[in-house]
2 protein chains.
Amino acid sequence: MKLEKITTRRPAKKSPPSARSYDDACGAAHALDLIGERWALLVMRELMFGPKRFSDLRAGLPGISANVLTQRLERLEEIGALSRRKLPPPAASHVYELTPWGHEIEPVLGVLGRWAARSPLHDPTLPLSAASLMLSFKTMFDAKRAKGFKARVGFRIGEESFLVRIGDGECDAARGACDDAEVVFAGAATAIAAAVYGGVPLKALEAQGALTVEGDRARAERFTSLFPLPPKM
Amino acid sequence: MKLEKITTRRPAKKSPPSARSYDDACGAAHALDLIGERWALLVMRELMFGPKRFSDLRAGLPGISANVLTQRLERLEEIGALSRRKLPPPAASHVYELTPWGHEIEPVLGVLGRWAARSPLHDPTLPLSAASLMLSFKTMFDAKRAKGFKARVGFRIGEESFLVRIGDGECDAARGACDDAEVVFAGAATAIAAAVYGGVPLKALEAQGALTVEGDRARAERFTSLFPLPPKM
DNA sequence: CCGGATCCCGGGCGATACTG
DNA sequence: CAGTATCGCCCGGGATCCGG
């Protein structure tokens with residue numbers, strides 16, 4: 001029996017509440033101080049292929065609320081991971097762009113993604129942003145499977161278009177026109193992921209209208225085989 | 001003027017509150033669903049060199065509270081990143097140990113640490129756990145600087161001891177006896193970090209009693225030069 | 001309509017006290 | 001020593017509001 005809960009109210013306000021830091025010299029701990037808050041790393045992911053506006057970011061991050069996105073952008077700017085620019089006159093709008101250092105977060109996305117892909121809980125059928133899909137190509141590319149293969153593959157996903165260049169055991173992806181691509185995929189990112197990672201035949205996806213493939217069909221088929229998922233743990 | 005705020009109280013309880021998931025097929029997003037909660041990755045860091053008990057973990061994670069540590073351990077076990085074992089009879093205690101898949105988180109700690117070390121906000125003089133220090137050696141090792149150098153370097157930090165083996169452009173660290181080491185550092189992790197990363201001379205640290213160096217002094221000096229910090233961004 | 005700002009609310013997280 | 005219980009704060013989610 002509690003006798004007389006003596007709430008001597010001393011909320012203990014130290015110096016500051018130390019602003020929620022790990023106070024740890026370990027580099028990984030400091031990284032979490034910088035970008036460990038919810039959504040922060042995913043905001044950077046969305047910016048990996050170039051600047052975006054506030055609403056473009058929201059579109060690629062279903063579930064984030066406007067206030068949280070605002071806070072994350074402020075924090076990322078404050079630490080020097082991104083910069084906020086004003087667009088030239090007619091568009092009275094802002095864009096957010098990673099700094100060179102901010103862009104160096106890419107390997108983190110790669111190793112995190114490869115690690116998590118081995119989890120039995122990973123569900124590759126969930127929605128996917130265009131930036132995530134392009135990053136996954138760079139991450140999961142298997143040079144051995146691409147032996148002797150050289151291609152420029154275009155992607156049209158919503159308003160965005162990307163060009164993936166494969167050759168010499170390398171795989172690079174960048175935002176850009178598909179004009180000089182030998183084959184172009186057009187459709188939702190999820191549909192393309194179904195072809196590449198889910199093993200769904202291109203013809204099936206085209207039949208249901210989820211995807212269109214224009215150009216060199218053989219290259220398209222070959223392309224879908226270059227990104228093996230790691231074995232489940 | 002607000003007329004009659006019609007609080008039609010519908011707290012909107014969807015199906016579940018969906019348990020705070022990103023619902024994103026991106027591998028990195030799923031990784032954050034798994035280990036994105038506060039402290040989770042640092043708990044794994046403390047276990048990188050072998051099993052530990054509850055209080056050992058608390059010691060290496062100053063600031064974590066018992067209930068949060070309990071929750072993180074439960075979650076990490078649930079996802080298959082660690083296992084909880086009961087120690088043989090006399091010690092009626094538990095230890096926590098990473099699974100092989102859990103141990104594969106190491107590259108994440110490496111790339112995160114390298115990235116954050118370039119931040120101007122990084123303060124290498126903060127406290128540091130022994131596990132963090134050993135990981136930093138594996139992360140920051142510069143093979144070129146170690147050309148032609150071969151050594152077994154022991155560390156005694158509190159109750160723990162580690163052996164770092166350097167040779168053939170490789171640097172490996174493991175928990176273990178220092179018996180066959182050519183040189184042994186004994187002291188707090190922070191003092192050793194001051195020598196290796198802060199450029200503080202060994203003699204100075206020994207003079208103030210922060211550190212002792214036994215054995216091959218030349219190897220000790222050379223060792224401290226092998227781990228250059230990356231340039232600030 | 002875009003790019004946020006403001007408010008409310010619930011739950012994650014931190015601190016402390018307590019228990020086997 | 002190894003957790004469990006409790007409580008309060010503040011972060012994060014959702015809706016609404018507002019200036020250009």
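Residue numbers start from 1 in every chain, and the chains themselves are labelled A, B, ... in the order their sequence lines are given, proteins ahead of strands.
- The distance from atom CD1 of A:Ile64 to atom C1' of D:dG12 is 10 Å, rounded to the nearest whole Å.
- Note on A:Thr70: only backbone sugar-phosphate atoms sit closer than 4.0 angstrom, heavy atoms only; bases stay farther off.
- A perpendicular orientation is assigned to the rings of A:Phe162 and A:Phe49, their planes being inclined by more than 60° (bins at 30° and 60°).
- Note on A:Arg58: nothing from the nucleic acid sits closer than 4.0 angstrom, heavy atoms only.
- To the nearest angstrom, P of D:dG12 lies 8 Å from CZ of B:Arg20.
- Spacing between atom CD of B:Glu159 and atom P of D:dC1 amounts to 11 Å, rounded to whole angstrom units.
- At the heavy-atom level, A:Arg84 lies under 4.0 Å from the strands shown only through sugar-phosphate atoms.
- With rounding to whole Å, A:Leu41 atom CG is found 14 Å from D:dG12 atom P.
- Protein atom OH of B:Tyr22 is 13 Å distant from nucleotide atom C1' of D:dG13, rounded to whole Å.
- Between B:Tyr22 and A:Trp39, the ring planes are perpendicular. Angles over 60° get that label, and only those under 30° would be called parallel.
- Remark: B:Arg165 CZ is loosely packed, at most 12 non-hydrogen atoms of other residues, nucleotides or ligands lying under 6.0 Å away.
- The CG atom of A:Asp56 sits 12 Å away from the P atom of C:dG4 (whole-angstrom rounding).
- In this structure, the nucleotide among D:dG3, D:dG12, C:dA5 sitting nearest to the side chain of B:Phe54 is D:dG3.
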### Task
List the steps, then state whether side chain to side chain donor-acceptor pair (under 3.5 Å) holds for B:Arg45 with B:Ser132.
CA-CA 7 Å; B:Arg45 177 194 77 190; B:Ser132 301; 3.0 Å; yes
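- Counting to the nearest Å, the C1' atom of D:dC9 and the CZ atom of B:Arg38 are 14 Å from each other.
- Distance, B:Glu37 CD to C:dG14 C1': 15 Å, rounded to whole Å.
- Minimum atom distance to the side chain of A:Ala66 is reached by C:dG4, of the listed C:dG4, C:dG14, D:dG13.
- Note on B:Gln71: nothing from the nucleic acid sits closer than 4.0 angstrom, heavy atoms only.
- The two residues B:Ile192 and B:Gly187 have their closest heavy-atom pair at CD1-O, 4.3 Å.
- Of the candidate nucleotides D:dG3, C:dA5, C:dG14, D:dG3 has the atom lying nearest to any side-chain atom of B:His94.
- For D:dG14, the base has a donor-acceptor partner in the side chain of A:Asn67 [N/O atoms by modelled type, under 3.5 angstrom].
- Contact check, B:Arg72 against C:dC13: a side-chain N or O comes under 4.0 Å of OP1 or OP2.
- Comparing atom distances between the A:Trp39 side chain and each of D:dG13, D:dT4, D:dC11 picks out D:dG13 as nearest.
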